[in-house]
Amino acid sequence: MTNKRSKVLTFFISLIPGAGEMFLGFYKMGASIMIIFWGIVAFSNILFPPLFYLLPILWFYSFFHTNNLNAMPAEEFFSIEDDYLFHIQPNELGELMQNHRRPLAFLLIFMGISIFWNGL
């Protein structure tokens with residue numbers, strides 16, 4: 001259930017990527033933003049440091065998206081459906097990976113080479 005909240009409280013909670021969406025009741029949206037944000041933090045430290053430059057983009061998206069959601073008129077706000085960020089359901093993930101096996105394989109090989117290179 002989505003709820004409109006205090007603008008001041010929403011502002012401070014929206015400083016944490018994904019938390020603002022969850023605070024407003026959009027749990028799938030907020031969780032997917034949090035997972036992507038912290039996944040980028042983890043992978044940029046270990047595997048691919050330039051990935052770190054995507055964090056400000058995701059942070060700004062989450063911050064402004066949360067505050068725009070809270071500023072919407074009530075009827076428009078309540079008509080928004082809670083959905084994952086990229087509209088991919090967890091049960092569809094296996095099918096998506098099956099259909100894109102080759103790019104996923106290249107990505108995993110690149111990540112393995114990158115880990116090996118950093119170890120040297």
Side-chain angles (χ1 to χ4, degrees):
M1 179 72 183
T2 55
N3 298 315
K4 296 219 27 158
R5 303 288 181 127
S6 160
K7 290 185 186 282
V8 174
L9 196 54
T10 302
F11 173 81
F12 286 113
I13 292 177
S14 69
L15 294 173
I16 301 169
E21 284 88 350
M22 294 172 87
F23 178 68
L24 293 176
F26 298 102
Y27 297 105
K28 292 178 183 177
M29 196 178 305
S32 61
I33 290 173
M34 272 191 180
I35 289 169
I36 292 170
F37 184 84
W38 294 111
I40 289 174
V41 168
F43 282 118
S44 67
N45 285 335
I46 298 170
L47 300 174
F48 194 61
L51 199 59
F52 188 76
Y53 296 112
L54 292 176
L55 289 179
I57 296 168
L58 188 58
W59 184 87
F60 279 113
Y61 171 79
S62 176
F63 177 78
F64 288 112
H65 184 250
T66 300
N67 288 298
N68 285 337
L69 282 173
N70 203 36
M72 284 182 177
E75 61 187 33
E76 189 177 348
F77 178 81
F78 291 117
S79 69
I80 295 177
E81 184 179 335
D82 185 21
D83 198 7
Y84 294 101
L85 189 60
F86 294 110
H87 309 292
I88 298 173
Q89 301 297 328
N91 56 356
E92 297 172 351
L93 195 57
E95 181 182 329
L96 183 70
M97 288 174 37
Q98 185 70 21
N99 293 339
H100 296 84
R101 285 181 10 195
R102 183 167 285 181
L104 183 61
F106 284 123
L107 177 67
L108 291 174
I109 290 170
F110 176 74
M111 288 170 52
I113 292 171
S114 176
I115 291 171
F116 180 73
W117 185 261
N118 287 335
L120 291 178

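What you see is a predicted model; the values in this text were computed from it and never measured. Heavy-atom basis, side chains included; hydrogens, waters and symmetry copies ignored. Counting from 1, the numbers follow the sequence of the chain as shown.
- Contact detail for T66 and L24: the closest heavy-atom pair is O-CD1, 3.6 Å.
- Sorted by first then second residue, the side-chain hydrogen bond (donor to acceptor under 3.5 Å, both in side chains) pairs that include residues 48-63, not counting sequence neighbours, are E21-S62.
- Minimum heavy-atom separation, M22 to Y27: O-CE2, 3.4 Å.
- Grouping the Ile, Leu, Val, Met, Phe, Trp and Tyr side chains by contacts below 4.5 angstrom, directly or via other members, places I35 apart from F26.
- When all heavy atoms of M72 and I80 are compared, the pair lying nearest together is SD-CD1, 3.3 Å.
- The CG atom of N68 lies 7.5 Å from the NE2 atom of H65; values are rounded to the nearest 0.5 Å.
- From F37, atom CZ reaches atom CG of L54 across 11.0 Å, with rounding to the nearest 0.5 Å.
- The side chain to side chain contact (heavy atoms under 4.5 Å, CB included) search around L9 returns S6, I13, F23, not counting sequence neighbours.
- Separation of atoms CD1 (I16) and CD1 (I33) is listed at 13.0 Å; rounding is to 0.5 Å.
- Taken together through direct or relayed side-chain contacts under 4.5 Å among Ile, Leu, Val, Met, Phe, Trp and Tyr, I57 and W38 form part of one hydrophobic cluster.
- Between the side chain of N67 and the backbone N or O of F63 there is at least one donor-acceptor pair closer than 3.5 Å.
- With contacts defined as side-chain heavy-atom distances shorter than 4.5 Å, the pair F52/L55 qualifies.
- Within a 6.0 Å radius of CZ in F43, no more than 12 heavy atoms belonging to other residues, nucleotides or ligands are found.
- Applying the 4.5 Å side-chain rule to ILVMFWY residues, one finds I109 in the same cluster as I113.
- Here the shortest heavy-atom pairing between M29 and E81 reads CE-O, 4.4 Å.
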